[in-house]
Amino acid sequence: MHWHATHGRHDLPWQTMGTRPDPYPVWVSEIMLQQTRVDTVIPYFQRFMARFPDISSLARADEDEVLALWSGLGYYGRARNLHAAARLIAQRHGGRFPYDHAAIQQLPGIGRSTAAAIGAFAFARRRAVLDGNVKRVLARVFGVAGWPGDRVVEARLWQLAESLLPRSGIRAYTQGIMDLGALLCTRTQPRCDVCPFAAECVAHREGRYRTLPGPRPGKALPEKTTAMLVMTHGGRVMLEKRPRSGIWGGLWSLPEHPAGEDMVHAAMHQGFQVLTCEPLPHVVHGFTHLRLHIRPWLVAVSRPTGIATPARVWLPLRALHDTALPAPVRRILAALAVSGGEASARDAA
DNA sequence: AAGACGGGGAC
DNA sequence: GTCCCAGTCTT
């Protein structure tokens, strides 16, 4: 806590509040910060808060607009859960963010650690957080070997985290241990020379900072190839709404087809007359659990005869920015919009 | 208990 | 290229 007072982070956008902070920005930031670095989150947080300044405005919003503001941030279930939780708070909690730890953790998208973080920062509730930073600090200081994702290792880390909580000053403590992990006790180049725990840290004393915490067990990354249809007509491109579950759930994306299928046939099968059909440069997109090879096909079609459904939309290429697109799809379409004078010219022809 | 779920920055 | 981040939910 002493270290945090002088060396911690005090100017993050969601910290600009007094001793009785609004739980809403705390909540939004904590959800965005799940598995996502501070520097990545900041611009998303600013945009989100400008558009949805309070729980009520978020509860009234369309899910599509919430997802559009989340586009590029990843783990889109976070956005769907955030939105659902806002509506739930409006209905079941009278529009007030719940105070009780159990009630907070009951909300969709909020687990044990996030509930503790919100409770600590917003209400000074005394519960332990256990995020990637805290896991790293504890594993090193106390010499907890093994991968933190392992159930036994994680249980030990939770036990440590709970046992270390101060009687008072939970905000400074929670922010402090996170900041220590993020700023000093970093993964590869920890600053043990200026760390307040160097004298008592097992990893430092025994020269084990490289192996603590233990790495995730290696696993071969599955590869998958898919073709995507970039159907254009009059400077617009056709998008489909993806199912709510699964990858890119609820986002707008290009129609997928098994690689190797005849794309002209695929486009015609959707009810279009194909004018031209040509391959675009193929894109490799890495997930944590999958490597996806995308083969986009640019298909100019004549007047769309396909039935208009809510799950299908013709989007002007200029309107990409406020649409909820997966990152690789955004890149494919952005490249098209730039070099894309010719595409529209061909469409016009 | 394990897998699904994004994207990007650091090395 | 590899690792992993202010984790949670589903199976």
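What you are looking at is a predicted structure, and each value in this text was computed from that prediction instead of being measured. Quick note on labels: first sequence line is chain A, next is B, and so on, each numbered from 1.
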query = So, is Arg80(A) near the phosphate of dC5(B), with a side-chain N or O under 4.0 Å from OP1 or OP2?
reply = no
ask   = Leu107(A) CG to dG7(C) P: how many Å, rounded?
value = 18 Å
ask   = Roughly how many Å is it from CH2 in Trp147(A) to P in dA2(B), rounded to a whole number?
value = 8 Å
query = With sugar-phosphate meaning primed atoms plus P, OP1 and OP2, does Ala117(A) contact a base, only sugar-phosphate, or nothing at under 4.0 Å between heavy atoms?
reply = nothing
remark   = Closest of dG6(B), dC5(C), dG7(C) to the Arg78(A) side chain is dG6(B)
key: Residue whose closest nucleotide on DNA chain C lies nearer the 5' end, Ile110(A) versus Ser29(A)   = Ser29(A)
request  = For Gly149(A), answer base if it contacts any base atom (sugar-phosphate contacts may also be present), sugar-phosphate if it contacts only those atoms, and nothing otherwise; contact means non-hydrogen atoms under 4.0 Å.
outcome  = nothing
key: Gln189(A), nearest nucleotide to its side chain (from dC11(B), dG7(C), dC4(C))   = dC11(B)
ask   = Side-chain N or O of Trp248(A) less than 4.0 angstrom from OP1 or OP2 on dG7(B)?
value = yes
query = Under 4.0 Å between a side-chain N/O of Tyr76(A) and OP1 or OP2 of dG7(B), yes or no?
reply = yes
message = Does this structure show an ion pair linking Arg87(A) with Glu63(A), if we count only N-O contacts that are shorter than 4.0 Å?
response = no
ask   = From the list dG7(B), dC5(C), dC4(C), which nucleotide is the closest neighbour of the side chain of Gln35(A)?
value = dC5(C)
query = When we call it a touch if two heavy atoms are under 4.0 Å apart, what does Arg136(A) touch: a base, just sugar-phosphate, or nothing?
reply = sugar-phosphate
note = Rounded to whole Å, the OH-C1' distance (Tyr44(A) to dG7(B)) equals 8 Å
message = Quick check: on DNA chain B, is the nucleotide nearest Thr188(A) upstream (toward 5') of the one nearest Gly74(A), or the reverse? Name the residue that is more 5'.
response = Gly74(A)
query = How many Å lie between CH2 on Trp27(A) and P on dT8(C), as a whole number?
reply = 14 Å
note = Of Leu325(A) and Asp39(A), the one whose closest nucleotide on DNA chain B sits nearer the 5' end is Leu325(A)
query = How are the rings of Phe45(A) and Trp14(A) set relative to one another: parallel (under 30°), tilted (30 to 60°) or perpendicular (over 60°)?
reply = perpendicular
task = Starting at atom NZ of Lys224(A), determine the distance to atom P of dC5(B), rounded to an integer number of angstrom.
result = 9 Å
ask   = Does CZ in Arg205(A) sit with more than 12 non-hydrogen atoms of other residues, nucleotides or ligands closer than 6.0 Å?
value = yes
request  = Indicate the ring-plane relationship of His289(A) and Phe287(A), choosing parallel, tilted or perpendicular according to the 30° and 60° boundaries.
outcome  = tilted
request  = Looking at every strand, decide which applies to Gly72(A) at a 4.0 Å heavy-atom threshold: base, sugar-phosphate, or nothing.
outcome  = sugar-phosphate
query = So what does Ile118(A) touch, heavy atoms closer than 4.0 Å: a base, only the sugar-phosphate, or nothing?
reply = nothing
ask   = Which nucleotide in the list dG6(B), dC11(B), dC3(C) gets nearest to the side chain of Ile247(A)?
value = dG6(B)
Phosphate-side-chain proximity, His285(A) and dG7(B), N/O vs OP1/OP2 below 4.0 Å = yes
query = Within the pair His289(A) and dC5(B), is there a side-chain N or O less than 4.0 Å away from OP1 or OP2?
reply = yes
query = Do the ring planes of Phe48(A) and Trp70(A) sit parallel (below 30°), tilted (30 to 60°) or perpendicular (above 60°)?
reply = perpendicular
Pro215(A) side-chain proximity, nearest of dC9(C), dC4(C), dG7(B) = dC4(C)
His282(A) atom NE2: more than 12 heavy-atom contacts under 6.0 Å = yes
key: Asn81(A) CG - dT10(C) C1' separation (whole Å)   = 12 Å
task = Kindly point out which of dG6(B), dC3(C), dT2(C) is positioned nearest to the side chain of Arg291(A)?
result = dT2(C)
query = Looking for any heavy atom pair under 4.0 Å, which part of the strands does Glu154(A) touch: base, sugar-phosphate only, or nothing?
reply = nothing
inquiry  = Is it the case that the base of dG8(B) and the side chain of Thr36(A) share a donor-acceptor contact (distance under 3.5 Å, atom types as modelled)?
reply    = no
inquiry  = Closest approach to the side chain of Thr288(A), judged atom by atom: which nucleotide of dG6(B), dG7(C), dG8(B) is it?
reply    = dG6(B)
message = Please report the distance, rounded to the nearest Å, between CZ in Arg37(A) and P in dC3(C).
response = 14 Å
note = note: Arg216(A), atom CZ; dA2(B), atom C1'; distance rounded to Å ~ 10 Å
query = Once the angle between the rings of Trp248(A) and His285(A) is folded into 0 to 90°, is it parallel (under 30°), tilted (30 to 60°) or perpendicular (over 60°)?
reply = tilted
